[in-house]
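Below is one structure, written out as structure tokens, with a few remarks after it.
We count ligands from 1, going down the list as the structure has it; atoms in each ligand are counted the same way. Residue numbers start at 1 and run along the sequence shown.
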Amino acid sequence: MSGSGTGSKVDRVLAEQREYIAKREKGYRERALKLYPWICGRCTREFNHKNLRELTVHHRDHNHDNNPSDGSNWELLCVYCHDEEHTKFENQVQYGNRAEKDIQPATFNPFADLKAKMEKGSK
Ligand SMILES: [Zn+2]
Ligand SMILES: [Zn+2]
């Protein structure tokens with residue numbers, strides 16, 4: 001550690017991180033392609049060397065750092081189904097998570113306070 005904070009050092013760290021992510025991605029993609037048949041897990045479209053670029057590795061638990069060697073967290077999806085899968089997941093997080101609602105007290109109302117503030121302000 002030299003302690004001199006230069007911009008180029010940050011650039012280098014960022015470049016290394018990008019490289020690491022790219023390598024990691026390439027690593028699990030190759031492993032997943034060896035492990036599973038080249039078929040989209042949703043629309044069952046088949047792939048070959050020509051269009052393999054469109055077959056992607058999806059992480060079932062949406063954690064890209066969770067890459068068990070038996071491939072249990074991976075699913076091969078075409079780019080379209082992969083996109084849909086993530087949209088679905090994001091919607092679940094935003095709207096559909098019942099457990100999250102249960103955690104909050106039943107009396108919690110984010111607008112109650114706002115209403116009170118507005119009434120005060122109008123006078
Ligand atoms: Zn598909
Ligand atoms: Zn995914």
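- The N, O or S atom of His58 with the smallest distance to the Zn ion (ligand 2) is ND1.
- The backbone N or O of Asn48 sits less than 3.5 Å from a side-chain atom of Asn51, completing a donor-acceptor pair.
- The Zn ion (ligand 2) lies at the vertex of an angle of 100° between the NE2 atom of His86 and the NE2 atom of His82 (rounded to 10°).
- Draw a line from the Zn ion (ligand 1) to SG of Cys81 and another to SG of Cys40, and the angle between them is 110° (to 10°).
- Shown here is Glu84, whose CD atom has no more than 12 heavy atoms of other residues, nucleotides or ligands within 6.0 Å.
- The two residues Tyr36 and Trp74 make their nearest non-hydrogen contact at OH-O, 3.8 Å.
- Remark: Glu30 does not engage Lys34 in a salt bridge, criterion side-chain N to carboxylate O under 4.0 Å.
- For Cys43 atom SG and Cys78 atom SG, the angle they make at the Zn ion (ligand 1) is roughly 120°, to 10 degrees.
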